[in-house]
**Q** 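Below: one structure in structure tokens.
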Amino acid sequence: MKAAIYESFSTRPLMQEVPDPELVDDGVVIQIMGSGVCRSDWHAWGGHDPVVKLPHVPGHELAGIVESVGRDVQKWRLGDRVTVPFVVACGRCSQCASGNQQVCDRQFQPGFTHWGAFAQYVAIHHADVNLVRLAESMTFATAASLGCRFVTAYRAVVDQSNLKPGQWIAVFGCGGVGLSAIMIARARGGRVIAVDIDEGSLALAQKLGAECTINASKDVDAIKEVHDISEGGAHVSIDALGITDTCVNSVRSLRKRGRHIQIGWMLGNQSTPPIPMDLVMGNELEIVGSHGMAAYRYPEMMQLIECGELNPEALIGQEISLDQSADALADFETFNKTGITVITSFD
């Protein structure tokens, strides 16, 4: 099969013919029809994630068609249209038994622990626990865009934030996951303040439901702006980027008893931000992490998409070919595109 593969960190991936993935008894092989290009892939490519072993094929936001089925799989057949969480759960550990497959103790992660979806095919283990069926009406590009970003934002806003209608939520970083959080928060009746340094991203944030926007690259105090707009601070704040500045500013933007949700992945020299614990204690703030979403939680979200309450397709900024994915990954920090980029051509 054809795949984008890198043999050392921070060097441009090359298009190569590599062996097809191996089918396991409880798994499937999926023909990839859509694969998102995500900041998490860039982190892995940069050597920031110790689970990645070289040589490596990136890609964890995937959708496609079941190409082959292991002998122990009960629920899936050839030709099924599917997507999968980026944390593929074992279904047997204590975390899975408690319903928290997104933090499975023995998780399989395409694009991280195993080769991923910047390729024509990918193997997925534990298919009966993890595959999610796609409606015929959903394009593969839209399904791939759900990937880690939309589902991570969905669980962060719906399950982790305790956001109530009419409450203020500040979203720091208007990339794919931040824009997803804005759309979902607005659909749940939240009043959204979007913070970013790019006017194009802020314009899209406003289009997707942000009530107010703040350009932090200008000579403004973003924390003070959030407090002034919300008359006392946000009830919920989200760091959707994953750098020290956005994390700390998110915490400082909260009102008393507010809740900070960390969904931007903080690795390398960004992994230990100086959290203002005096505010956390004195104002009884909450710091909450959110790491993807288990497959069994997808149907609720899919219903909201089918009925038009959520429109993830609006987040897609560009569709590219597999050949273009190497540049998109290597240039991620300067890849000046608004919205989510999805690979949709794999010839």
**Q** For the side chain of N249 and the backbone of I223, is there at least one donor-acceptor N/O pair under 3.5 Å apart?
**A**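 No, N249 side chain to I223 backbone: no donor-acceptor pair under 3.5 Å.
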
**Q** Hey, are D105 and Q107 close enough side-chain-wise for a donor-acceptor pair under 3.5 Å?
**A** no

**Q** For residues R133 and M302, determine if any side-chain heavy atom of one lies less than 4.5 Å from a side-chain heavy atom of the other.
**A**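 Not in contact.
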
**Q** Determine, stepwise, if the pair V158 / E300 fulfils side-chain contact (heavy atoms from CB on, under 4.5 Å).
**A** CA-CA 11 Å; V158 175; E300 174 189 290; 4.0 Å; yes

**Q** Should we count CG of D25 as having more than 12 external heavy atoms under 6.0 Å?
**A**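 Result for CG/D25: enclosed.
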
**Q** Would a hydrophobic clustering, with Ile, Leu, Val, Met, Phe, Trp and Tyr connected at side-chain separations under 4.5 Å, put L179 with L146?
**A** yes

**Q** Distance from T341 atom OG1 to L329 atom CG, nearest 0.5 Å?
**A** 11.5 Å

**Q** So, are R149 and E61 salt-bridged, with charged N and O less than 4.0 Å apart?
**A** yes

**Q** Over 60° means perpendicular and under 30° means parallel, so classify the ring planes of Y6 and W45, tilted if in between.
**A** perpendicular

**Q** Is any NZ, NE, NH1 or NH2 atom of the basic residue among R12 and D327 found under 4.0 Å from an Asp or Glu carboxylate oxygen of the other?
**A**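 Counted as a salt bridge, because a side-chain N and a carboxylate O are separated by less than 4.0 Å.
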
**Q** Taking C-beta and beyond as the side chain, do Y154 and R297 meet within less than 4.5 Å on heavy atoms?
**A**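 Answer yes - side chains close enough.
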
**Q** Do L163 and V251 sit in one hydrophobic cluster, given that two such residues count as connected whenever their side-chain heavy atoms are within less than 4.5 Å of each other, even indirectly?
**A**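 Different clusters: L163 never reaches V251 through Ile, Leu, Val, Met, Phe, Trp or Tyr contacts under 4.5 Å.
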
**Q** Between T139 and T142, does any side-chain donor sit less than 3.5 Å from a side-chain acceptor?
**A**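 Per modelled atom types, T139 and T142 side chains form a pair under 3.5 Å.
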
**Q** Under a 3.5 Å cutoff, is there a donor and acceptor pairing between the side chains of H227 and E225?
**A** no

**Q** So if you build clusters from Ile, Leu, Val, Met, Phe, Trp, Tyr with side-chain heavy-atom gaps below 4.5 Å, do F86 and L241 land together?
**A** no

**Q** Nearest 0.5 Å please: distance from the CD1 atom of I229 over to the CZ atom of R191.
**A** 10.5 Å

**Q** Are I193 and L285 connected, step by step, through hydrophobic side chains (Ile, Leu, Val, Met, Phe, Trp, Tyr) whose heavy atoms are closer than 4.5 Å?
**A** no

**Q** Kindly check if the number of other-residue, nucleotide or ligand heavy atoms within 6.0 Å of CD1 (I65) is above 12?
**A** yes

**Q** Got C96 and C90 here, is their nearest side-chain heavy-atom distance under 4.5 Å?
**A** yes

**Q** Under a 4.0 Å threshold between the charged nitrogen and the carboxylate oxygen, would D347 count as salt-bridged to K2?
**A** no

**Q** Measuring from atom CG of L62 to atom CD1 of I32, what distance do you get when rounded to the nearest 0.5 angstrom?
**A** 4.5 Å

**Q** Is there side-chain contact between V37 and V342, with heavy atoms separated by less than 4.5 Å?
**A**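 Sidechains of V342 and V37: no contact.
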
**Q** Between E199 and K218, is there a side-chain N and carboxylate O pair less than 4.0 Å apart?
**A** yes

**Q** Whether the side chain of R77 engages the backbone of Q74 through a donor-acceptor N/O pair (distance < 3.5 Å, no angle test) should be reported.
**A** yes

**Q** Kindly indicate whether the side chain of E211, heavy atoms from C-beta on, has any atom under 4.5 Å from the side chain of W168.
**A** yes

**Q** Are the side chains of L315 and S145 in contact, using a 4.5 Å heavy-atom criterion?
**A** no

**Q** Treat each ILVMFWY residue as a node, draw an edge where side-chain heavy atoms are under 4.5 Å apart, and state whether V248 and M277 are in one component.
**A**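 The answer is no; the residues belong to distinct hydrophobic clusters.
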
**Q** How many angstroms lie between atom CD of Q120 and atom OG of S35, to the nearest 0.5 angstrom?
**A** 12.5 Å

**Q** To the nearest 0.5 Å, what is the distance between CD1 on I5 and CZ on F118?
**A**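 Between I5 CD1 and F118 CZ, I get 13.0 Å after rounding to 0.5 Å.
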
**Q** Report the C-alpha separation of W42 and F9 in whole Å, then their side-chain angles, then the decisive distance to 0.1 Å, and conclude whether the ring-ring contact (aromatic ring centres under 6.0 Å, His included) test is met.
**A** CA-CA 10 Å; W42 177 83; F9 295 119; over 10 Å; no

**Q** Decide if the gap between the ring center of F108 and the ring center of H126 is smaller than 6.0 angstrom.
**A** no

**Q** Is a side-chain donor-acceptor pair under 3.5 Å present for H125 with D26?
**A**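 Judged by distance alone, the side chains do not pair up.
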
**Q** Is there side-chain contact between P110 and I124, with at least one heavy-atom pair below 4.5 Å?
**A** yes

**Q** Just verifying a value: how many Å separate E284 CD and L279 CG, rounded to the nearest 0.5 Å?
**A** 13.0 Å

**Q** Any sub-3.5 Å donor-acceptor pair from D331's side-chain atoms to A328's backbone N or O?
**A**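 No, the answer is negative, given that no donor and acceptor are paired below the 3.5 Å cut-off.
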
**Q** Decide if atom CD of E17 counts as having more than 12 heavy atoms of other residues, nucleotides or ligands within a radius under 6.0 Å.
**A** yes

**Q** Side chain of H235, backbone of Q167: donor and acceptor closer than 3.5 Å?
**A**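 No; zero donor-acceptor contacts below 3.5 Å.
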
**Q** With a 3.5 Å cut-off and no angle check, do the side chains of D239 and Q262 form a donor-acceptor pair?
**A**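 Yes.
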
**Q** Do L134 and T83 come within less than 4.5 Å of each other through their side chains, counting heavy atoms only?
**A** yes

**Q** Just checking, any donor-acceptor pair under 3.5 angstrom between side chains of S321 and D323?
**A** no

**Q** Indicate whether any N or O donor in one side chain lies under 3.5 Å from an N or O acceptor in the other, for T213 and Q206.
**A**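 The answer is no; no qualifying pair exists.
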
